[in-house]
Amino acid sequence: EVVVNRIAAGEVIQRPANALKEMIENSLDAGATNIQVTVKQGGLKMLQIQDNGCGIRKEDMQIVCERFTTSKLRQFEDLNSINTYGFRGEALASISHVAHVTITTRTASSKCAFRGLYSDGELKEPVKPCAGNVGTQICAEDLFYNITTRRKALRSPAEEHAKVVDVVSKYSIHNNKVGFTLKKQGESMADVRTPPDSTHVDNIRAIYGVAVSRELIEVDHEDKNLGFSVTALVSNANYSVKKSTFLLFINHRLVDSSSLRKALETVYQAYLPKGSHPFIYMSLEIAPQNIDVNVHPTKHEVHFLHEDAITSSIQTAVEAKLLGSNS
Ligand code: ADP
Ligand code: MG
């Protein structure tokens, strides 16, 4: 059974960046306003996240890495909720099947923190009291130590590090109220640093540079009939980037939609020179029951009801803004 679980977990957690995405979502769910990520070898040797969220109660530490254990009962029971295409109490369990996990956590009502060591979905020994601030630190070490094939498939720590930087960058831009830092273990310079309570534009400037941050236009669009609203910051008709940059959050979860991506690229084709691309940061909110719940958790790609109609409605809204900026 352990082996079956391990294989399943290896499918879900394919690389450090996948694990980190789930850990960041947990910290955000815990109400953190500060999230610090530290990695060694692109997260393969060590992936650590420290937050100042609500913490985990000592009595819950026993089960926190068991499959289908979640404290988010409301979402868990609502099968139509967006969370159902992600994980349902599976993230920490999966991570603990492919890494050594240490959780150090403290709630506001506890006098001290507690530490637990986990592997294969289980707490290895009774939790021990220790010093620590309110919040949670989760450290995953030696990722895929027990899945040789997976470990060999991920040979370059530099590539994994780049993916980790990408995930932290995107979450930090979207969650502008929350401060984020990403560092390599032992280095003083951060790879990502955004202060709490900044603006989306401030964070885009910090991460993607001054040039693009000056050329952004705001899109704000809602369609009650189709049941969605969108806010976006997109580069104008006179500016382009070499590498297509598309940050898409649907109901605050980082996802990809190739149909939406292509549709937006098409809008820009009329304005930009060949081979150049727009910068797009988009936050889309759709009624949860319209999200396709059958998408596998590893699939970044999502589908939603009325996809064609919503996509063309967004296209029209962006096009109108581009026309306005192109004078
Ligand atoms: P889910 O997020 O679907 O509930 P996870 O496996 O991601 O499942 O997490 C399991 C549980 O562990 C969560 O429901 C939550 O109670 C607890 N948890 C995980 N990370 C944190 C964190 N950073 N702060 C507080 N609680 C956490
Ligand atoms: Mg989770």
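Quantities reported herein were computed from a predicted structural model and do not represent experimental measurements. Atom set for the values below is all heavy atoms of this structure, side chains included, hydrogens, waters and symmetry mates excluded.
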Carboxylate-amine/guanidinium contact R205 D202, below 4.0 Å: yes
E319 and K321 ion-paired at < 4.0 Å: no
Applying a strict under-4.5 Å side-chain criterion to I, L, V, M, F, W and Y, I'd like to know whether [X] and [Y] cluster together.
X    : Y    : answer
F249 : V201 : yes
I280 : V219 : yes
Y145 : L92  : no
I217 : M282 : yes
V192 : M46  : no

No-hydrogen, no-angle side-chain donor-acceptor test under 3.5 Å, S198 and N203: yes
Donor-acceptor side-chain pairing of T181 and R193 below 3.5 angstrom: no
Single hit among V164, I13, V39 for side chain to side chain contact (heavy atoms under 4.5 Å, CB included) with L20: V164
Quick one: does [X]'s side chain get under 4.5 Å of [Y]'s, heavy atoms only?
X    : Y    : value
E265 : Y268 : no
I138 : I95  : no
K177 : T33  : no
L28  : H252 : no
L226 : S313 : yes
M61  : L123 : no
L154 : E160 : yes
V64  : Y118 : yes

Pairing residues for H277 by the ring pair (Phe, Tyr, Trp, His ring centres under 6.0 Å) criterion, not counting sequence neighbours: none
Ring pair (Phe, Tyr, Trp, His ring centres under 6.0 Å) against Y208, all qualifying residues, sequence neighbours excluded: F279
Enclosure of K128 NZ (heavy-atom neighbours >12, cutoff 6.0 Å): no
Greater than 12 external heavy atoms within 6.0 Å of R115's CZ: no
Derivation and outcome, side chain to side chain contact (heavy atoms under 4.5 Å, CB included), residues L254 and K21: CA-CA 9 Å; L254 179 64; K21 185 179 168 205; 4.0 Å; yes
Atom pair [atom1]/[atom2] of [X] and [Y] - distance to nearest 0.5 Å:
X    : Y    : atom1 : atom2 : value
S169 : I207 : OG    : CD1   : 4.5 Å
C112 : K58  : SG    : NZ    : 8.5 Å
L143 : E141 : CG    : CD    : 11.0 Å

Within the side chain of [X], is there an N or O that forms a donor-acceptor pair under 3.5 Å with the backbone of [Y]?
X    : Y    : result
Q315 : A263 : yes
T105 : G135 : yes
N236 : E215 : yes

Candidate pair D120 and N146, rule side chain to side chain contact (heavy atoms under 4.5 Å, CB included), full reasoning: CA-CA 10 Å; D120 296 318; N146 50 5; 4.2 Å; yes
Partner set under salt bridge (charged side-chain N to carboxylate O under 4.0 Å, His left out) for K45, not counting sequence neighbours: D142
Using every non-hydrogen atom in the two residues, find where [X] and [Y] come nearest and quote the distance to one decimal.
X    : Y    : value
A32  : I35  : CB-CG1, 4.0 Å
S172 : T194 : CB-OG1, 3.5 Å
I49  : S27  : CD1-OG, 3.7 Å
T245 : K243 : OG1-O, 3.0 Å

Intermediate values then yes/no, side chain to side chain contact (heavy atoms under 4.5 Å, CB included), F228 and I314: CA-CA 10 Å; F228 80 92; I314 294 174; 3.7 Å; yes
T107 and F114: CA distance, side-chain angles, deciding distance, side chain to side chain contact (heavy atoms under 4.5 Å, CB included) verdict: CA-CA 10 Å; T107 60; F114 290 93; over 6 Å; no
